[in-house]
Amino acid sequence: MKKKQLSALFLAGAFATLGASVATGAETGAELAWKYHCISCHGERGKSNQSRYPNIAGQNAAYLDARLKYFRSREEPGNQMNAQAAPLSNDDIALLADHFSQMQR
Amino acid sequence: MFRVLMIGVVLSFLTAHAFADDAEQGQALAEEKGCITCHGTNGVGTAPIYPNLNGQWERYLRLQLLAYRSGKRVNSIMNGFAQTLSDQEIRALAEFYGDQ
């Protein structure tokens, strides 16, 4: 194969890989917790500085999952968490719930 | 003057007893009201869907119980339980399960 063709093939492969990782959106729970500002109120280690924001470190994942869906569904109008949960997909919610549930209570 | 002092002493003993009793009363209430069935005696949930309460802000717990009682926070199980609680019982339970 000529050098030019090889470079082109390499570049194509690189972009394809990049595209694939963006397409699958394979972010970790930790990345999501930062991206969606969870840690700004609940703390990087799931423990907050103010009683209005519950500690969520070591909370049961199933409970956190259900709770985030409750907020996303706006079942309780006016709750501050509704807007936070609005952009989350089911996968995001599962990853976030798992992430915080693993932290030390 | 002495009478005033004695009344003060007696009153302070009575109220001190009430304050010290909150956490004790909380434990008794947790058993009586059935909280321990789902939240345990130590605040650890007995099934994955029941939240752990241990180490949670006391004030946060109190506000959630009030929200459950008023129906602001919607949960078919907890709305019922919370409606059986007075303000003072809510304080006692929050103090028993919560921190700070």
Side-chain angles (χ1 to χ4, degrees), chain A residues 29 33 36-86 88 90-105, chain B residues 19 22-23 26 30 34-83 85 87-100:
Chain A
Y36 289 112
H37 312 293
C38 316
I39 63 176
S40 53
C41 296
H42 295 288
E44 201 172 345
R45 285 182 294 211
K47 292 184 187 173
S48 69
N49 291 324
Q50 296 180 57
S51 61
R52 57 183 301 190
Y53 306 129
N55 296 325
I56 56 178
Q59 186 52 279
N60 288 331
Y63 169 79
L64 291 175
D65 193 286
R67 194 82 171 118
L68 283 171
K69 285 170 177 163
Y70 169 94
F71 289 132
R72 191 179 62 179
S73 73
R74 308 192 80 89
E75 196 165 347
E76 184 183 319
N79 193 299
Q80 187 186 348
M81 274 299 295
N82 295 349
Q84 304 305 315
L88 302 176
N90 287 345
D91 283 348
D92 292 336
I93 287 174
L95 284 165
L96 283 166
D98 186 68
H99 174 65
F100 283 103
S101 73
Q102 309 276 6
M103 293 177 181
Q104 192 185 14
R105 189 141 184 92
Chain B
F19 284 127
D22 250 10
C35 317
I36 63 173
T37 311
C38 301
H39 299 293
T41 47
N42 51 1
V44 176
T46 58
I49 195 60
Y50 304 135
N52 299 324
L53 304 180
N54 56 329
Q56 191 52 271
W57 294 94
E58 180 184 327
R59 181 171 174 270
Y60 176 80
L61 292 177
R62 180 166 54 84
L63 290 175
Q64 299 317 298
L65 284 172
L66 288 168
Y68 279 130
R69 191 176 69 178
S70 72
K72 179 175 162 225
R73 180 167 168 173
V74 180
N75 183 285
S76 51
I77 302 173
M78 281 307 296
N79 291 142
F81 274 114
Q83 271 154 31
L85 301 173
D87 284 358
Q88 204 270 319
E89 288 172 334
I90 285 176
R91 277 193 184 273
L93 285 167
E95 185 173 332
F96 169 65
Y97 275 119
D99 271 359
Q100 300 140 319

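Everything numeric here is computed off the predicted structure, so don't read it as measured data. Chain A is the first sequence line, chain B the second, and so forth, proteins listed ahead of strands; every chain is numbered from 1. The figures that follow rest on heavy atoms only: side chains count, while hydrogens, waters and symmetry mates do not.
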| task | Verify the neighbour count for atom OH of A:Tyr53: are there more than 12 heavy atoms of other residues, nucleotides or ligands below 6.0 Å? | result | yes
| Between the side chain of A:Asn55 and the main-chain N/O of B:Gly55, is any donor-acceptor distance below 3.5 Å? | yes
| message | Please classify the contact between B:Leu61 and chain A as side chain, backbone, both or neither, with a heavy-atom cut-off of under 4.5 Å. | response | neither
| said: Whether the side chain of A:Arg105 engages the backbone of B:Asn52 through a donor-acceptor N/O pair (distance < 3.5 Å, no angle test) should be reported. | reply: yes
| remark: For B:Ala47 and A:Asn60 the tightest heavy-atom approach is O-ND2, 3.5 Å
| query | Can you name the residues of residues 72-86 of chain A that have some heavy atom under 4.5 Å away from a heavy atom in chain B? | reply | A:Glu75, A:Glu76
| query | Measuring heavy-atom distances to chain A, does B:Ile49 have an atom under 4.5 Å in its side chain, in its backbone, in both, or in neither? | reply | both
| More than 12 heavy atoms of other groups within 6.0 Å of A:Glu44 CD | no
| Just by distance, do the side chain of A:Tyr70 and the backbone of B:Val74 share a donor-acceptor pair under 3.5 Å? | yes
| request: Might you point out which heavy atoms bring A:Ala62 and B:Pro48 nearest each other, and give the distance in Å? | output: CB-O, 3.6 Å
| request: With a 4.5 angstrom heavy-atom cut-off, could you sort out which part of B:Asn54 is near chain A: side chain, backbone, both or neither? | output: both
| How far apart are the closest heavy atoms of B:Trp57 and A:Pro54, and which atoms are they? | CD1-CA, 4.3 Å
| said: Counting neighbours of CG on A:Asn49 that are heavy atoms of other residues, nucleotides or ligands and sit closer than 6.0 Å, is the number greater than 12? | reply: no
| Just wondering, are more than 12 heavy atoms of other shown residues or ligands nearer than 6.0 Å to NZ in A:Lys69? | yes
| said: Contact between A:Ser51 and B:Glu58 at the side-chain level, heavy atoms closer than 4.5 Å - yes or no? | reply: no
| task | Under 4.5 Å heavy-atom distance to chain A, tell me which part of B:Ala67 shows up: side chain, backbone, both or neither. | result | neither
| query | How about B:Tyr60 and A:Ser48: do any of their side-chain heavy atoms sit closer than 4.5 Å? | reply | no
